[in-house]
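Structure, as structure tokens:
Worth saying up front: this structure is predicted, and the values here are computed from it rather than measured. The analysis underlying the following values was restricted to heavy atoms, covering all of them including side chains, and did not include hydrogens, waters or symmetry mates.
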Amino acid sequence: MNSELNDKRAERAENLKKGIYILPNLFTTGSLFAGFYSMVASLNGNFDIAALWIFASAVFDGLDGKVARLTGTTSKFGVEYDSLADLVSFGVTPGLMMYAWALKPFGRLGWLAAFLFVVCGALRLARFNVQVNTVESKRFVGLPIPAAASTVAATVLLFHHCGWPSSYKRLAILALIYLLAFLMVSGFRYYSFKDPALIKRQPFGFLLLAVVLLIVVAAEPAVMTFVIMIAYVVSGPLGFVVGWPRRRRLEKAVHKGHGAAAGR
């Protein structure tokens with residue numbers, strides 16, 4: 001047992017000596033930088049700027065994995081670095097922003113609510129790292145932490161765009177925190193947008209729909225970004241409810257099959 005452990009440690013040390021892949025880790029560093037700058041903007045009271053930098057961090061985070069897969073430069077170092085960067089950019093950063101923006105008047109309850117978001121995000125990342133080789137790539141188990149952080153950022157931009165009073169945002173963000181924290185550690189499945197079929201040929205109507213969506217988003221970016229993020233957040237529980245009758249029928253069929261086999 002000790003020899004196997006020593007062999008694994010030696011292998012990891014040797015891999016680090018050989019060097020790391022620069023390009024995907026640069027994108028990860030860009031995501032971390034954007035998340036850190038968002039914290040700086042929150043501390044300075046520029047919450048709309050902080051929200052935009054969270055979206056920038058999400059863009060970098062989406063690119064690092066794609067670049068690593070396309071160039072064949074995936075590595076354990078990159079996976080670990082990406083998880084640490086995600087915890088800072090999509091856990092600590094939105095938690096701090098939510099506390100400074102809306103939860104400070106709640107005192108201890110406010111920063112505890114922000115901490116709940118952070119710890120559920122950390123648990124979500126840890127579970128993802130453990131299950132990455134055992135679940136289908138087309139679906140995420142639980143709300144992805146970048147999506148949760150982007151939903152918070154979209155909420156900030158919506159309130160800033162509409163000019164709603166602070167009393168509204170305090171109650172809204174408190175409810176949103178608990179909802180997002182629960183969904184991150186839930187068993188609801190979310191589409192991952194990693195389906196290879198997405199980059200294959202699609203009907204002409206898909207292109208037309210994408211163009212119309214881009215026009216609508218460009219017309220009202222703050223409102224439509226919030227609508228899109230909320231639609232994605234709700235898609236997990238909605239998919240569970242819609243698929244419940246089918247799962248029940250499958251379970252009954254399986255039970256009947258086991259019962260018939262036992263009767264023989």
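- If you take CG on N25 and CZ on F77, they are separated by 5.5 Å, rounding to the nearest 0.5 Å.
- By the 30° and 60° cut-offs, the orientation of the rings of F159 relative to W101 is perpendicular.
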Run the side-chain contact (heavy atoms from CB on, under 4.5 Å) check on N129 and S83 step by step: do they pass?
CA-CA 8 Å; N129 289 342; S83 292; 3.0 Å; yes
side-chain contact (heavy atoms from CB on, under 4.5 Å) between Y190 and L143: does it pass, once the steps are laid out?
CA-CA 6 Å; Y190 287 86; L143 179 67; 3.8 Å; yes
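- Other residues, nucleotides and ligands contribute only 12 or fewer heavy atoms inside 6.0 Å of the CZ atom of F115.
- Shown here are the side-chain contact (heavy atoms from CB on, under 4.5 Å) partners of I230, two or more places apart in sequence or in another chain: T151, F226, V234.
- Distance check: F36 CZ to S38 OG gives 11.0 Å after rounding to the nearest 0.5 Å.
- In this structure the side chain of F117 reaches within 4.5 angstrom of the side chain of V152, judged on heavy atoms.
- Checked options V185, L180, I177; the residue passing with C120 is V185 (criterion: side chain to side chain contact (heavy atoms under 4.5 Å, CB included)).
- The distance from atom CG of L179 to atom CG of L174, rounded to the nearest 0.5 Å, is 11.5 Å.
- Between W53 and F33, the two ring planes are perpendicular [angle over 60°; tilted spans 30° to 60°].
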Take I215 and V211 through the side-chain contact (heavy atoms from CB on, under 4.5 Å) test and state the conclusion after the steps.
CA-CA 6 Å; I215 292 173; V211 171; 4.1 Å; yes
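- Under 3.5 Å, the side chains of D64 and S31 contain no donor-acceptor pair of N or O atoms.
- In this structure, CG on N46 lies 9.0 Å from NE2 on H160, to the nearest 0.5 angstrom.
- Here the side chain of N44 pairs a donor or acceptor atom with the backbone of V40 at under 3.5 angstrom.
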